[in-house]
Amino acid sequence: MIESFLSVVAPLENDTPDAVEQFVNETVEVLHGLVSHYEIILVDDGTHEATVARVRSLLGRYDFLRFLRLSRHFGEETAISAGLDLAIGDYVVVMLPNTDPPTLIPEFFERARADADIVYGVRLTRKDEPIWYRAGAGVFYWYMNSVIKAGLAENSTQFRCMSRQVVNAISQIRTPDHYLRLLTSYIGFRKQPLPYTSINRSGLTTVRPKREAVNLFRAMVIDHTTHPLRTVVWVGVGVALIDWLWFRGSIAFPVIAIMLAFVGEYVAGLTRRLRDRPTYYVREEHTSSVLLREERKNVVEATS
Amino acid sequence: VTLRYDALIVGGGFYGCRIALMLKRMGRSVLLVEREAELMSRASLRNQARVHQGYHYPRSVLTALRSRVNYTRFVDEYADCVDETFAHYYAIGRSLSKTTAPQFAEFCRRIGAPLEAAPAEITRLFDSSRIEGVFSVRECAFDAARLAVRLRRELDEANVDVFVETEAVRAARTGDATAVTLVTRGSERTVTAPLVINATYARLNALLAASGADIIPAKHELTEMALVEPPPDLHGAAVTVMDGPFFSLMPYPSRGLFTLSHVRYTPHVSWLDESAARRDGDTLLHARESAAVHMIRDAQRYLPAMRESRHVESIWEVKTVMPRSEKDDSRPILLRGSEQLPGVITVLGAKIDSVYDVEDALTGFLGAHGREAALAGTLA
C-alpha cells in the first residue's frame, strides 16, 4: 500500500443508479488496497432522483465518500471543476462513471507518481461511434493541432490522474468555459498518454447529440484561440482590396456577414467573462455516515 | 438496601455536578452517580473546550446573545480553569460559507461581541482565494481537567454523596418517589428519590427506554477530534474558519495540545433515537478509522501552514443534539419531564456555559411546581 492521498472526482449526469453503484463498488475496492488515504467525490450535476437516492444509500455503506450537489445542471466540465476545487488529495483522478474502468486507476496513479504530472486517457478506438461524429472529431483535431498547434492530445478523454501541483494550477483558472482537456494543454507540465478501451455500464449512447457536439467544437476553439478572428481579419482585408480594385462593392457583403459572425462569437465570449460571477453554486454537500461498518466486515469474513 | 435521598442526579458530567451542588444549596440531600471511574471524564472532557462567546452562531442570534451573557458568567466564576492567553482568529470562507465577511462583522456588532481585523502577519497566512476575511476575536478555552478537580472538591466540601462506576439502569415509580436501580461493579442497590435528574447527555434515552418511558427524539453523532501539535507559524493562536464545512483549531489545555475539528470529518456517523432504533453510541467508539489526515489536508487548503501540524491522537465521543437545532445551528437547552416517570427530569445542553440556562430553567421548573410539590414527587 502506497503512503499517499488519492482523490477520485466523478461527475454524475445521465448515469443510471446501477451504473453509479457499480462504479463506486469497484472504485472503493481498487482504492482500498492501493493507497493509505483516499476519497471519492461524486458531483451531482442534475442527475435523476433515483441516482441521487442510490448515492445517499452508498454514503451509509462506504467511508470517505463525498457527494456534492450543484444547484442545477452546469455541464460536465463545470461539475469536474467543482470536484477539483474540493479535492484534498496529493493526486486527483478524474473519471466518468459510465465509461471509465476503475481497474485502470492504479496504472494512471503509478505513472503519475513515477514521471508525469498528468497522465491522460486516450481512447483506443472510436469505431463504435457514427461516421459523422468521427469525421467531426477528425476536423477538430486537424484544426487544433495542424493549424493552430494547440498540442491537444488526440482522442483524449476526461479520465486522467493529476498531481496536486497541476490541480492547483487548473483550479486557479477561473473562466466560465472550463475545458479540462484544453487547460491541460495550456498549463504545460509533464504529460503522458495512456491508451485504454472505455466501457459502457449503462448501455446508453456515449455519443453527444449533434447540436451539443457542434457547440463544443465551437466553444473549445473560440475559448482557446483567437486564430479564427485573426484569419477573418486578413480575409476581410484581402476581399476588401480585391473588391475595391475589380468588383466595386459587389462581393464584399457575404464576406462581411461571415466576419461579423466570428466577431460576434468573440464578443459573446467576452461578455460571458465580463459577468465575473461564480461558475457554479453548491446546493448541498454530504459525506459518508457509516453505522455498521464493523458488523459488515464480520459478515464478509464469515462468508469468505 | 434501599437508600433515600431528596434528589438523585444521574450523570457526573459538568451539568450533573453543577445541578447536584445547586440542589444541595437548596437544602436537600443529594446523591450523584457516574458510570465512569472519574467525574467529568466523558463529554465534559472530550470536547473542543471552547467557551462560546457567540461568534459561532451567526444564524441564531438568540443562541449568540445567550452565549455572550453566559460567557462572562463562566469566565468570572471559573477564572482559574480557563485559558485566555491565546489569540483567536475567525476566518470567513469564500465559497460554501453561509455567511460573508461583512455579514459576520455586522452580526458581531449587533450582539456586541468584540471584533477587529486580524493583523497582516496573520491574514497573509491564509489563502486569500479561499478566505474572504480574517478577524481577531476574544474567546477562551476551558481546562476540563482543572474543572473536574475543582468540582470534585466543591462536591466534597458540600457533602454531596458521589458514587462512581455506578450506572442507573432502571427507574420505576413507587408511591411518591422514583426508585432507581443502581449497579456498581456488578452489585445492585436501589435508591429512592422524589426528584431524579437525568443528566446523561448522549445516554439520555438509555434510562428512559429501560424504564419503559417515552424517549426523547435526539440525534447522535459519533465524533472525532484530532489532537495535534499546531503549526509554529500560528504562535499558539486558535483559528476557526466559518460558516460551512470548515475547521477549528483550538487549544486543549488539559493535554497541552490543540484540537482540530472539522465540520465535514468530525462527525463520522449519525443516528436518531427513535422507538425502534435506539443504539448505544459507546459500542461505536472503537475500531473506527481516523479521518485526521482528511482534516489536516482540507485545513491546509485554507491555511497552508497547517501542513506543519502533527497529528498525535484522536479523541472520540458521542455528541447529542435535538434534531430541530440542526437547521438553524442554534443550541437550545432541553429540560423535560416524563409522563410515565413523573419525578424524572431530563436535561441536555450543548455548550459548557449553557449550564446557567439549565439551572435557571430547572429553578423555574421546581419553583412553578412548588418546592413541596417537587419534594412530594408530583412533577409532570
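Every chain is numbered from 1 and lettered A, B, ... according to where its sequence line falls, protein lines coming before strand lines.
Residue H73(A) places its NE2 atom among more than 12 non-hydrogen atoms of other residues, nucleotides or ligands, all under 6.0 Å distant. Heavy atoms from other residues, nucleotides or ligands lying under 6.0 Å from CD of E29(A) number 12 at most. Within 6.0 Å of CZ in R255(B) there are 12 or fewer heavy atoms belonging to other residues, nucleotides or ligands.
In this structure, the portion of T287(A) lying under 4.5 Å from any heavy atom of chain B is its side chain and not its backbone. Neither the backbone nor the side chain of L59(A) comes within contact range of chain B, judged by heavy atoms closer than 4.5 Å. Both the backbone and the side chain of R264(B) come within contact range of chain A, each with at least one heavy atom under 4.5 Å from a heavy atom of that chain. No part of Y280(A) comes within reach of chain B, as not one of its non-hydrogen atoms sits under 4.5 angstrom from that chain. Residue S129(B): no heavy atom, backbone or side chain, is found under 4.5 Å from chain A.
Nearest approach of R130(B) to D85(A), heavy atoms of both residues: NH2-O, 3.6 Å. For the residue pair S270(B) and S289(A), the shortest heavy atom distance occurs at N-OG, 3.0 Å. For the residue pair L96(B) and L86(A), the shortest heavy atom distance occurs at CD1-CD2, 3.6 Å. The two residues Y38(A) and H294(B) come nearest to each other via the heavy atoms O-NE2, 3.1 Å. A291(B) and F64(A) get closest at one heavy-atom pair: CB-CE2, 4.2 Å.
With chain A as the partner, the residue from R297(B), H268(B), Q300(B) showing the most heavy-atom pairs under 4.5 Å is R297(B).
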What pairs of donor and acceptor atoms, side-chain ones from residues 3-12 of chain A against any protein atom, are under 3.5 angstrom apart with sequence neighbours left out?
residue	atom	partner	partner atom	Å
S4(A)	OG	D90(A)	OD2	3.3
S7(A)	OG	E39(A)	OE2	2.7
S7(A)	OG	G89(A)	N	2.8

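The one candidate from D298(B), I296(B), V293(B) that meets the side chain to side chain contact (heavy atoms under 4.5 Å, CB included) condition with I88(A) is D298(B).
Partners of F135(B) under the ring pair (Phe, Tyr, Trp, His ring centres under 6.0 Å) rule, at least two apart in sequence or in another chain, are F104(B).
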